[in-house]
Amino acid sequence: MCQNRGFTIDISAPNACNAAALAKFEVLVREGGEVDPNTIHALIERALSLAFVKSPSSLVGVGAIKRPNPSYRNRVFRSASSALNAGHFEFELGWVYVRPSAQGHRLASRLVQKLMPTLKGAAVYATSRVNNERMHASLVRGGFRQEGPSYPSKLNEPEIQLFVRT
Ligand SMILES: CC(C)(COP(=O)(O)OP(=O)(O)OC[C@H]1O[C@@H](n2cnc3c(N)ncnc32)[C@H](O)[C@@H]1OP(=O)(O)O)[C@@H](O)C(=O)NCCC(=O)NCCS
(Lines give C-alpha, C1' and ligand atoms only; values in the text may rest on other atoms or scores of the structure.)
Protein backbone atom coordinates (compact mmCIF):
# COMPACT_ATOMS: atom_id res chain seq x y z
CA MET A 1 0.00 0.00 0.00
CA CYS A 2 1.18 3.55 -0.74
CA GLN A 3 0.20 6.57 1.32
CA ASN A 4 0.29 9.94 -0.45
CA ARG A 5 -1.91 12.83 0.72
CA GLY A 6 -4.63 10.38 1.75
CA PHE A 7 -4.36 8.35 -1.45
CA THR A 8 -3.56 4.65 -1.33
CA ILE A 9 -2.48 2.33 -4.14
CA ASP A 10 -3.41 -1.35 -3.86
CA ILE A 11 -2.20 -4.01 -6.27
CA SER A 12 -4.20 -7.22 -6.69
CA ALA A 13 -4.56 -10.13 -9.09
CA PRO A 14 -8.02 -10.12 -10.72
CA ASN A 15 -8.94 -13.44 -9.11
CA ALA A 16 -8.29 -11.90 -5.68
CA CYS A 17 -10.82 -9.10 -6.34
CA ASN A 18 -14.54 -9.37 -5.71
CA ALA A 19 -17.08 -8.60 -8.43
CA ALA A 20 -17.83 -5.13 -7.06
CA ALA A 21 -14.15 -4.14 -7.13
CA LEU A 22 -13.75 -5.44 -10.69
CA ALA A 23 -16.88 -3.54 -11.77
CA LYS A 24 -15.52 -0.27 -10.32
CA PHE A 25 -12.18 -0.93 -12.00
CA GLU A 26 -13.94 -1.38 -15.35
CA VAL A 27 -15.88 1.88 -14.91
CA LEU A 28 -12.61 3.81 -14.58
CA VAL A 29 -10.96 1.98 -17.48
CA ARG A 30 -13.88 2.97 -19.68
CA GLU A 31 -13.72 6.53 -18.37
CA GLY A 32 -10.06 6.62 -19.44
CA GLY A 33 -11.21 5.84 -22.98
CA GLU A 34 -9.73 4.08 -25.99
CA VAL A 35 -11.05 0.63 -25.02
CA ASP A 36 -13.28 -1.82 -26.86
CA PRO A 37 -16.41 -2.25 -24.70
CA ASN A 38 -16.91 -5.76 -26.11
CA THR A 39 -13.58 -7.17 -24.94
CA ILE A 40 -12.71 -5.09 -21.90
CA HIS A 41 -14.37 -7.31 -19.30
CA ALA A 42 -12.56 -10.50 -20.37
CA LEU A 43 -9.25 -8.66 -20.70
CA ILE A 44 -9.53 -7.34 -17.14
CA GLU A 45 -10.22 -10.82 -15.80
CA ARG A 46 -7.16 -12.28 -17.49
CA ALA A 47 -4.76 -9.46 -16.52
CA LEU A 48 -1.73 -10.28 -14.41
CA SER A 49 -2.28 -7.49 -11.88
CA LEU A 50 -4.56 -4.53 -11.30
CA ALA A 51 -3.75 -1.24 -9.55
CA PHE A 52 -6.46 0.56 -7.57
CA VAL A 53 -5.75 4.18 -6.59
CA LYS A 54 -8.14 5.21 -3.81
CA SER A 55 -8.92 8.46 -2.11
CA PRO A 56 -10.50 8.15 1.35
CA SER A 57 -13.92 8.18 -0.36
CA SER A 58 -13.61 6.60 -3.82
CA LEU A 59 -11.60 4.93 -6.55
CA VAL A 60 -9.73 7.69 -8.40
CA GLY A 61 -7.29 5.82 -10.60
CA VAL A 62 -6.45 2.50 -12.19
CA GLY A 63 -3.75 0.74 -14.16
CA ALA A 64 -2.83 -2.84 -15.01
CA ILE A 65 -0.38 -5.34 -16.33
CA LYS A 66 -2.42 -6.81 -19.16
CA ARG A 67 -2.01 -9.92 -21.28
CA PRO A 68 -2.52 -8.48 -24.78
CA ASN A 69 -3.80 -10.49 -27.71
CA PRO A 70 -0.73 -11.61 -29.69
CA SER A 71 -2.06 -10.25 -33.00
CA TYR A 72 -2.59 -6.79 -31.48
CA ARG A 73 0.82 -6.86 -29.78
CA ASN A 74 2.61 -7.96 -32.97
CA ARG A 75 0.93 -5.14 -34.89
CA VAL A 76 2.19 -2.61 -32.34
CA PHE A 77 5.81 -3.77 -32.66
CA ARG A 78 5.55 -3.85 -36.46
CA SER A 79 4.07 -0.34 -36.53
CA ALA A 80 6.94 0.91 -34.35
CA SER A 81 9.46 -0.67 -36.77
CA SER A 82 10.91 -2.48 -33.75
CA ALA A 83 13.59 -5.10 -34.31
CA LEU A 84 12.72 -6.67 -30.96
CA ASN A 85 10.97 -10.05 -30.83
CA ALA A 86 7.37 -9.13 -29.99
CA GLY A 87 6.76 -12.70 -28.81
CA HIS A 88 9.11 -12.00 -25.92
CA PHE A 89 6.55 -9.51 -24.53
CA GLU A 90 3.74 -11.42 -22.85
CA PHE A 91 2.67 -8.37 -20.87
CA GLU A 92 1.56 -4.81 -21.53
CA LEU A 93 1.21 -1.96 -19.04
CA GLY A 94 -2.10 -0.30 -19.78
CA TRP A 95 -5.40 1.24 -18.69
CA VAL A 96 -3.48 3.85 -16.72
CA TYR A 97 -5.98 6.50 -15.77
CA VAL A 98 -6.17 9.02 -12.95
CA ARG A 99 -9.35 11.04 -12.57
CA PRO A 100 -8.81 14.78 -13.27
CA SER A 101 -9.57 15.68 -9.63
CA ALA A 102 -6.64 13.50 -8.48
CA GLN A 103 -4.12 14.28 -11.21
CA GLY A 104 -0.79 15.98 -10.53
CA HIS A 105 0.01 14.11 -7.29
CA ARG A 106 2.44 11.67 -8.93
CA LEU A 107 -0.15 8.91 -8.60
CA ALA A 108 0.44 7.60 -12.14
CA SER A 109 4.19 7.38 -11.53
CA ARG A 110 3.67 5.58 -8.22
CA LEU A 111 1.08 3.27 -9.72
CA VAL A 112 3.45 2.26 -12.54
CA GLN A 113 6.27 1.62 -10.08
CA LYS A 114 4.04 -0.47 -7.83
CA LEU A 115 2.93 -2.68 -10.71
CA MET A 116 6.49 -3.50 -11.84
CA PRO A 117 7.36 -6.13 -9.18
CA THR A 118 4.32 -8.20 -10.22
CA LEU A 119 6.13 -8.92 -13.49
CA LYS A 120 8.86 -10.81 -11.60
CA GLY A 121 11.39 -9.69 -14.20
CA ALA A 122 9.28 -10.45 -17.30
CA ALA A 123 9.52 -8.04 -20.24
CA VAL A 124 6.69 -5.55 -20.65
CA TYR A 125 5.71 -2.90 -23.17
CA ALA A 126 3.41 0.12 -23.19
CA THR A 127 2.19 2.63 -25.72
CA SER A 128 1.35 6.28 -25.29
CA ARG A 129 0.45 9.21 -27.48
CA VAL A 130 3.47 11.38 -28.21
CA ASN A 131 1.93 14.43 -26.54
CA ASN A 132 1.21 12.63 -23.25
CA GLU A 133 4.18 14.04 -21.34
CA ARG A 134 2.97 12.88 -17.93
CA MET A 135 2.54 9.31 -19.08
CA HIS A 136 5.96 9.35 -20.72
CA ALA A 137 7.54 10.63 -17.52
CA SER A 138 5.75 7.91 -15.52
CA LEU A 139 7.00 5.24 -17.89
CA VAL A 140 10.59 6.45 -17.77
CA ARG A 141 10.39 6.65 -13.99
CA GLY A 142 9.16 3.02 -14.05
CA GLY A 143 12.17 1.83 -16.05
CA PHE A 144 10.72 1.96 -19.58
CA ARG A 145 12.58 3.30 -22.61
CA GLN A 146 11.32 4.46 -25.98
CA GLU A 147 11.51 1.83 -28.71
CA GLY A 148 11.45 2.83 -32.37
CA PRO A 149 9.93 5.89 -33.96
CA SER A 150 6.39 7.02 -33.21
CA TYR A 151 3.71 5.85 -35.62
CA PRO A 152 0.30 7.10 -36.72
CA SER A 153 -2.89 5.49 -35.45
CA LYS A 154 -6.15 7.29 -36.06
CA LEU A 155 -6.58 10.21 -38.38
CA ASN A 156 -6.12 13.59 -36.67
CA GLU A 157 -4.83 11.99 -33.44
CA PRO A 158 -1.27 12.46 -32.13
CA GLU A 159 1.11 9.64 -33.06
CA ILE A 160 1.80 6.70 -30.77
CA GLN A 161 5.13 5.86 -29.14
CA LEU A 162 6.12 2.33 -28.10
CA PHE A 163 7.97 1.90 -24.79
CA VAL A 164 9.61 -1.28 -23.50
CA ARG A 165 11.05 -2.46 -20.20
CA THR A 166 13.29 -5.48 -20.52
C1 LIG B 1 -1.55 10.51 -17.87
C2 LIG B 1 -2.12 10.44 -16.44
C3 LIG B 1 -2.36 8.99 -16.06
C4 LIG B 1 -1.09 11.09 -15.49
O5 LIG B 1 -1.60 10.96 -14.17
P6 LIG B 1 -1.05 11.85 -12.96
O7 LIG B 1 -1.29 11.10 -11.71
O8 LIG B 1 -1.60 13.22 -13.05
O9 LIG B 1 0.52 11.90 -13.30
P10 LIG B 1 1.68 12.18 -12.25
O11 LIG B 1 1.28 13.26 -11.31
O12 LIG B 1 2.09 10.85 -11.66
O13 LIG B 1 2.84 12.70 -13.18
C14 LIG B 1 3.56 11.78 -13.94
C15 LIG B 1 4.93 12.34 -14.21
O16 LIG B 1 4.81 13.47 -15.08
C17 LIG B 1 5.54 14.56 -14.53
N18 LIG B 1 4.84 15.74 -15.03
C19 LIG B 1 3.84 16.42 -14.48
N20 LIG B 1 3.45 17.42 -15.30
C21 LIG B 1 4.23 17.35 -16.40
C22 LIG B 1 4.32 18.10 -17.59
N23 LIG B 1 3.52 19.12 -17.86
N24 LIG B 1 5.26 17.72 -18.51
C25 LIG B 1 6.07 16.68 -18.28
N26 LIG B 1 6.03 15.93 -17.15
C27 LIG B 1 5.11 16.27 -16.23
C28 LIG B 1 5.47 14.32 -13.05
O29 LIG B 1 6.50 15.01 -12.37
C30 LIG B 1 5.67 12.83 -12.98
O31 LIG B 1 7.02 12.46 -13.22
P32 LIG B 1 8.00 11.99 -12.02
O33 LIG B 1 7.36 10.79 -11.40
O34 LIG B 1 9.28 11.68 -12.71
O35 LIG B 1 8.07 13.17 -11.07
C36 LIG B 1 -3.44 11.26 -16.34
O37 LIG B 1 -3.22 12.55 -16.85
C38 LIG B 1 -4.60 10.62 -17.10
O39 LIG B 1 -5.27 9.75 -16.57
N40 LIG B 1 -4.80 11.04 -18.37
C41 LIG B 1 -5.89 10.50 -19.19
C42 LIG B 1 -5.67 9.04 -19.54
C43 LIG B 1 -4.31 8.77 -20.14
O44 LIG B 1 -3.79 9.55 -20.93
N45 LIG B 1 -3.76 7.62 -19.76
C46 LIG B 1 -2.51 7.14 -20.31
C47 LIG B 1 -2.79 6.29 -21.50
S48 LIG B 1 -1.28 5.68 -22.19
Side-chain angles (χ1 to χ4, degrees), residues 1-12 24-37 39-41 43-44 47-69 72-80 82 86 89-119 123-166:
M1 208 155 70
C2 157
Q3 296 278 354
N4 180 21
R5 296 183 194 212
F7 295 109
T8 57
I9 302 179
D10 297 324
I11 308 293
S12 301
K24 282 185 189 164
F25 185 93
E26 185 172 334
V27 167
L28 260 75
V29 172
R30 286 169 180 254
E31 204 174 291
E34 302 202 39
V35 293
D36 179 350
T39 57
I40 186 66
H41 190 74
L43 281 171
I44 290 173
L48 174 70
S49 47
L50 307 178
F52 296 82
V53 186
K54 297 170 187 168
S55 75
S57 58
S58 64
L59 187 65
V60 296
V62 289
I65 301 295
K66 305 154 63 177
R67 288 189 168 87
N69 292 318
Y72 160 75
R73 175 203 59 204
N74 296 346
R75 197 163 61 243
V76 166
F77 278 76
R78 262 200 319 275
S79 302
S82 173
F89 292 82
E90 185 188 351
F91 300 111
E92 175 185 8
L93 169 76
W95 301 326
V96 177
Y97 172 64
V98 175
R99 278 192 160 148
S101 59
Q103 287 177 10
H105 297 292
R106 301 202 56 244
L107 293 171
S109 284
R110 285 165 186 253
L111 173 164
V112 170
Q113 286 175 69
K114 289 205 79 178
L115 281 168
M116 292 302 107
T118 68
L119 287 159
V124 60
Y125 75 93
T127 59
S128 176
R129 297 211 178 270
V130 291
N131 62 342
N132 199 338
E133 289 96 353
R134 281 189 178 175
M135 195 60 222
H136 290 202
S138 294
L139 290 170
V140 170
R141 172 77 68 185
F144 287 76
R145 63 170 174 82
Q146 291 194 19
E147 168 67 11
S150 61
Y151 57 92
S153 59
K154 296 177 196 148
L155 206 61
N156 296 329
E157 294 272 356
E159 294 205 332
I160 293 181
Q161 177 66 52
L162 171 63
F163 288 81
V164 296
R165 184 182 195 268
T166 51

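These values consider heavy atoms only, across backbone and side chains, with no hydrogens, waters or symmetry-generated copies. Counting starts at 1 for both ligands and their atoms, in listed order.
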[X] heavy atoms, cut-off 4.0 Å: which ligand 1 atoms fall inside?
{"X": "Ala108", "value": "3 (C), 4 (C), 5 (O), 6 (P), 7 (O), 9 (O), 12 (O)"}
{"X": "Asn132", "value": "1 (C), 43 (C), 44 (O), 46 (C)"}
{"X": "Ser109", "value": "12 (O), 14 (C), 15 (C), 30 (C), 31 (O), 32 (P), 33 (O)"}

Are the side chains of Lys24 and Lys54 in touch, meaning some heavy atoms are under 4.5 Å apart?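 The answer is no; the side chains never approach within 4.5 Å.
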How does His105 reach ligand 1, if at all, at less than 4.0 Å between non-hydrogen atoms: by side chain, backbone, both, or neither?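 His105 to ligand 1: backbone contact only, side chain stays beyond 4.0 Å.
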What protein heavy atom is closest to atom 8 (O) of ligand 1, reported as residue, atom name and distance in Å?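 Checked against all protein heavy atoms, atom 8 (O) of ligand 1 sits closest to Gly104 N, 2.8 Å.
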Distance to 0.1 Å, residue and atom name: give those for the protein heavy atom nearest to atom 10 (P) of ligand 1.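 Checked against all protein heavy atoms, atom 10 (P) of ligand 1 sits closest to Arg106 CA, 3.4 Å.
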Tell me if a side-chain donor or acceptor on Arg110 pairs with a main-chain N or O of Ile9 at a distance below 3.5 Å.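 Flag not set: sc Arg110 to bb Ile9 has no pair under 3.5 Å.
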Donor-acceptor pair, Arg99 side chain versus Leu59 backbone, under 3.5 Å?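 Such a contact is found between Arg99 side chain and Leu59 backbone.
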Answer with yes or no whether Thr127 contacts ligand 1, where contact means a heavy atom under 4.0 Å from a ligand atom.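 Judged by the 4.0 Å heavy-atom criterion, Thr127 does count as contacting ligand 1.
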Approximate separation, where rounding is to 0.5 Å, of Leu139 CG and Gln113 CD: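 Going from CG on Leu139 over to CD on Gln113, the span is 11.0 Å.
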Take the angle between the ring planes of Phe7 and His105 and call it parallel below 30°, perpendicular above 60°, tilted in between.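 Phe7 vs His105 ring planes: tilted.
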